[in-house]
> 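Pasting in a structure now, in C-alpha cells, and then I'll have a few things to ask.
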There are 2 protein chains.
Amino acid sequence: MATIHDVARVAGVSISTVSYALSGKRTIGAATRDRIDAAVAELGYRPNAGARMLAGTRTNILALSAPLHADTYAPAHMTFVLAIAEAARDFDYDTVLLVQDEAVNGLRRMVSSKLVDGIVALDIDHDDARVPLLRELDIPATLVGIPGDTSGLTCVDLDFEAAARLSLERLVALGHRSVGLIGHPDELYERGSNFPIRFRDSFEAEATALGVDSLVVTPDQEPAAVRAAFERLRSELPGLSAIVLNCNEPVHTMLLELLREKGLGVPSDLSIVSACSSFPTDQLDPPLDVIPLPAQITGRRGVELTLSQLAGYTTPVVELVAPSYVGKGSTAPVTT
Amino acid sequence: MATIHDVARVAGVSISTVSYALSGKRTIGAATRDRIDAAVAELGYRPNAGARMLAGTRTNILALSAPLHADTYAPAHMTFVLAIAEAARDFDYDTVLLVQDEAVNGLRRMVSSKLVDGIVALDIDHDDARVPLLRELDIPATLVGIPGDTSGLTCVDLDFEAAARLSLERLVALGHRSVGLIGHPDELYERGSNFPIRFRDSFEAEATALGVDSLVVTPDQEPAAVRAAFERLRSELPGLSAIVLNCNEPVHTMLLELLREKGLGVPSDLSIVSACSSFPTDQLDPPLDVIPLPAQITGRRGVELTLSQLAGYTTPVVELVAPSYVGKGSTAPVTT
DNA sequence: CTGAAAGCGCTTACAG
DNA sequence: CTGAAAGCGCTTACAG
C-alpha cells in the first residue's frame, strides 16, 4: 500500500506538499498539483486512516447510537439508519454502529478512545440513559428525537405540535367541524411519553381555537379496543366526519377493516388523516393522507447538526422540522 | 485525555510495560500489573484508537456491507445487522456501516485506508458486484449469503436444501403423501435466483425420493395469483393434505385468508409449514410451523469466519447452517 | 520480568 | 508557493 512518502517521491515534492495538496489547506502551484494528482492516481494512494486520526484533529468517523427496542418499527428505524449513514458520507464521514447496550455503554468508549468526532443518537426515550451521558461527555452530538429534558443538548425532530395543527387545518378547510383523534394506547400518555402528549395537547388546543368539536380516544392495539374507541367517537361526536390517526400501523389496519365491515367509505363517509406516521400509508387500503415522520430529513439534520458543532457552533438547539401534508385521496369536502 | 505515558508515570513503569500489560502479550509481575491496573482505573485511560491502528497490526474495526434493495424485508435485515454488530463487539470489534452504493464502493476505500481488518457482506445477489471486488481486495471477508460463483470466497448461509428436505420429512412423518410447494414469484426462478431454485429442486428431489406426490406453484404476490395457485394445487394434487411455503410474508397472509374464506382449517384440513422465513410466523393467524432463516446465527458466523481468516485460517469455505424446525401447531397427522 | 527506542504514516506549526 | 522536522500515542523488536 502506497504511503504519502511514495506519492511525494513520484511527484518529486515533499510529503507536506502532498498533504496540503490533498487537504486543500494551502494553495499549491498548478503544475505541482497536477504532478501530485497523477502520482496519487498512479499509486492508488489513500491516506492511512489511523495515521490521519493520530496526527490530525479529526477522525472522520461518527458514532450512530441506535438501540432497538422491542416495539421499534424496523422499517422506520432502517430509514433513519440509512439516512444518517448516507448523510455522513456526503460529508466524508464514516459511521460506526452502536446497537443494544453498546448504544449507551459504547459512547464513553468512542469518546475516550477518540475513535469518533461526534455522535448521532436515535430512539430517544423520555428519560433516556444517554441524555446525562452526552451532557457529561462533551462531544458534538445530536439526538434525533426529543427527550424530557433537552437542556444543554442539540436535538432534532418533526414538529409534532405543528403536525397536529396541520392535520386539523386541512380538515377544517374541507368543511369538517367534528373530528376525532385516535391516539396511542393510554399507557403511553400516562407514562409521560413525549410526542403523543404534545401531539394530543396541540390537537385539542387547535380544535378549541378553530371551534371544532373534537374527542381523543386512546385504544390499545386490539381490534376490540379500536372498535370501542370508534363507537365512542361516533356516539360522543354526533357530527363526526373526519378522524386523525396518531398511532401505530396495526391500529390503522384495524380501523380500516372496521370501516369496511361497517360499509363506511373513505373518504365518502369519513375523511381520514394519518399523522406523524413512520410507515408508508400507500400500502393501506385505502391509502391514507399522511403527515409523514420525515426520517430522511431529521436523520440527515442529525448529522449536519453534529458536524456544525464540530465546526465550532456550540449553542444547543432543539430544531423542529416543519410537517408536510401528503394527499392520498382519503379526505374529501364534508357532505351533509 | 490520559495517554499511555500518564499511566506509565502514575504506575512507575515504562510505557512498553503498560502496553504489554494491557495487551497481555507478555507476562507481567503481579505487583506491577496491580499498579498499572490501578493507574488505568484512576486515569480512566483508554488507548487512542488512531495510535493503535497506526502502530499495531489490527484496527479492531469491521466493515459491514449492507446495501438495501427495494424488496429488502426490513425486519430481517435489521436482525442481520444487529447480530453482526453484537457479535463483533464480543470479539472487541466495532462495526463501520456501509450502505447503498457505499456497500460496494466503500469497500475499496476501507481497505486502502486500512480502516478495517475485515468485511462482512449482507444481501448477496446471485451476480453480486462485491464478489469480484472481494476476490480482488484480498482482505478477510465473509459473505452472508451465497452468490452464484463462490470460488475463492468464504460464505455462510442457511442450508436451504436441507431445509427443503426437513420440511418434507416432517410432513411425511405425519402421514402426508401429497404436498404442495408455494414458492416465490416465477420471475425469481427465471432470473436464476439462488435460494428459491435450490430449495425447489431439493424439494422436488426429496418428494421423489420419499414417493410423495408434489407440485410446485410460483404465484405473484397478489390475492388472485395465490388463489389460482392454490386451486391448481387442489386440482392437480387430489390428495393434497399439506403445503410448504417458501415465499414472502404477504403470500402467507393471502393464503391464510383464502383458507379462512374457504372454511378450511389449519391444521385440521391442511397442514402448513413455512420454510426459510425471515419473519416471525407467530403473528400470523394461525401461527405457522416454521424453519427459520436464522439471521442471528448466520450473521454471527459471518463475523467469526472473517475473524478466523484474520487469525490465519485462509482456506475459503462455504458454510451451510443446518435448518431447525419450530412447531407452532399448524401441522397435524393426516386424517382420512 | 522490564525498559529504551525505533517507527507506524500522517498533520501542522515553523521557516523561507 | 514549498520544505524540513516535530510530534500525535501507540506497538514491538531489541536488549538486558
Side-chain angles (χ1 to χ4, degrees), chain A residues 1-37 39-40 43-61 92 94 109-117 310, chain B residues 1-37 39-40 43-61 92 94 109-117 310:
Chain A
M1 214 94 290
T3 72
I4 198 172
H5 287 97
D6 300 320
V7 176
R9 187 168 27 74
V10 171
V13 297
S14 72
I15 65 160
S16 61
T17 299
V18 174
S19 179
Y20 283 118
L22 260 34
S23 68
K25 288 188 182 175
R26 75 181 183 194
T27 43
I28 304 289
T32 308
R33 148 149 281 141
D34 287 349
R35 269 181 295 131
I36 291 174
D37 288 347
V40 165
L43 297 169
Y45 170 72
R46 188 107 47 179
N48 178 290
R52 222 174 176 175
M53 287 164 64
L54 181 58
T57 60
R58 298 284 156 88
T59 68
N60 281 73
I61 302 176
D92 199 31
D94 279 302
R109 187 166 55 79
M110 291 294 115
V111 173
S112 50
S113 70
K114 289 196 165 52
L115 216 209
V116 304
D117 292 335
L310 245 188
Chain B
M1 213 93 292
T3 73
I4 198 171
H5 286 98
D6 300 320
V7 175
R9 186 169 26 74
V10 169
V13 297
S14 72
I15 63 162
S16 62
T17 300
V18 175
S19 178
Y20 283 118
L22 260 34
S23 69
K25 288 188 181 175
R26 76 182 182 193
T27 43
I28 304 288
T32 307
R33 149 149 280 141
D34 288 347
R35 270 182 293 131
I36 291 174
D37 287 347
V40 166
L43 297 169
Y45 170 72
R46 189 107 49 179
N48 178 290
R52 221 172 178 179
M53 288 165 63
L54 180 57
T57 59
R58 298 283 157 86
T59 68
N60 280 71
I61 301 176
D92 199 30
D94 279 302
R109 187 166 53 81
M110 292 294 115
V111 173
S112 50
S113 71
K114 289 195 165 52
L115 216 210
V116 304
D117 292 335
L310 244 188

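This structure is a prediction, so every number in the text was calculated from the model and none was measured. Heavy-atom basis, side chains included; hydrogens, waters and symmetry copies ignored. Residue numbers start from 1 in every chain, and the chains themselves are labelled A, B, ... in the order their sequence lines are given, proteins ahead of strands.
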> Find the distance A/H5:NE2 to D/dA5:C1' and express it as a whole number of Å.
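So the two atoms are 11 Å apart, to the nearest Å.
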> Rounded to whole Å, how long is the line connecting atom CG of B/N48 with atom P of D/dG9?
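Atom-to-atom, B/N48 to D/dG9, this comes out as 7 Å.
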> Taking side-chain hydrogen bond (donor to acceptor under 3.5 Å, both in side chains) as the definition, give me every residue that meets it alongside B/T32, ordered by chain and number, with sequence neighbours left out.
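If we apply the side-chain hydrogen bond (donor to acceptor under 3.5 Å, both in side chains) test to B/T32, skipping adjacent residues, there are no hits.
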> Just N and O in the side chain of B/S14: are any of them under 4.0 Å from OP1 or OP2 of C/dG3?
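Checking C/dG3 against B/S14, a side-chain N or O does come within under 4.0 Å of OP1 or OP2.
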> How far apart are the closest heavy atoms of B/I4 and B/Y45, and which atoms are they?
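Where B/I4 meets B/Y45 most closely, the heavy atoms are N-CE1, 3.5 Å.
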> Dot-bracket for DNA chain D, 5' to 3', counting Watson-Crick or G-U wobble pairs under 3.5 Å, with [ ] for crossing pairs and | for inter-strand pairs?
|||.||||||||.|||
> Nearest whole angstrom, please: distance from the C1' of D/dG7 to the CG of A/L54.
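Checked: the CG to C1' distance equals 9 Å.
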> Between B/T27 and B/K114, just flag the one whose closest nucleotide in DNA chain C comes earlier from the 5' side.
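The answer here is B/T27.
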> When you look at B/V13 and B/V18, which way does the side chain to side chain contact (heavy atoms under 4.5 Å, CB included) test go after all the steps?
CA-CA 7 Å; B/V13 297; B/V18 175; 3.7 Å; yes
> Which nucleotides of nucleotides 11-16 of chain D have their base under 4.0 Å from a protein heavy atom (B), which only their sugar-phosphate (S), and which neither (-), written as one string 5' to 3'?
BBBB--
> Measure the CZ-CG distance between B/R109 and B/L115 for me, rounded to the nearest 0.5 Å.
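One gets 7.5 Å once the value is rounded to the nearest 0.5 Å.
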> Look up atom CZ in A/R33 and atom OG1 in A/T27, then write down how far apart they are to the nearest 0.5 Å.
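Interatomic distance, A/R33 CZ to A/T27 OG1, rounded to 0.5 Å: 9.0 Å.
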> With rounding to the nearest 0.5 Å, note down the distance linking CZ in B/R9 to OG in B/S14.
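Answer for the CZ-OG pair, B/R9 versus B/S14, is 14.0 Å.
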> Quick one: closest heavy-atom pair of B/M53 and B/K114, and the distance?
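B/M53 and B/K114 have their closest heavy atoms at CE-O, 3.9 Å.
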> Should A/R52 and A/S23 be marked as a side chain to side chain contact (heavy atoms under 4.5 Å, CB included) after you check the CA-CA gap, both sets of side-chain angles, and the distance that decides it?
CA-CA 11 Å; A/R52 222 174 176 175; A/S23 68; over 6 Å; no
> Between B/A30 and A/M1, which is nearer to the 5' end of DNA chain C once each is assigned its nearest nucleotide?
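Final value for this comparison: B/A30.
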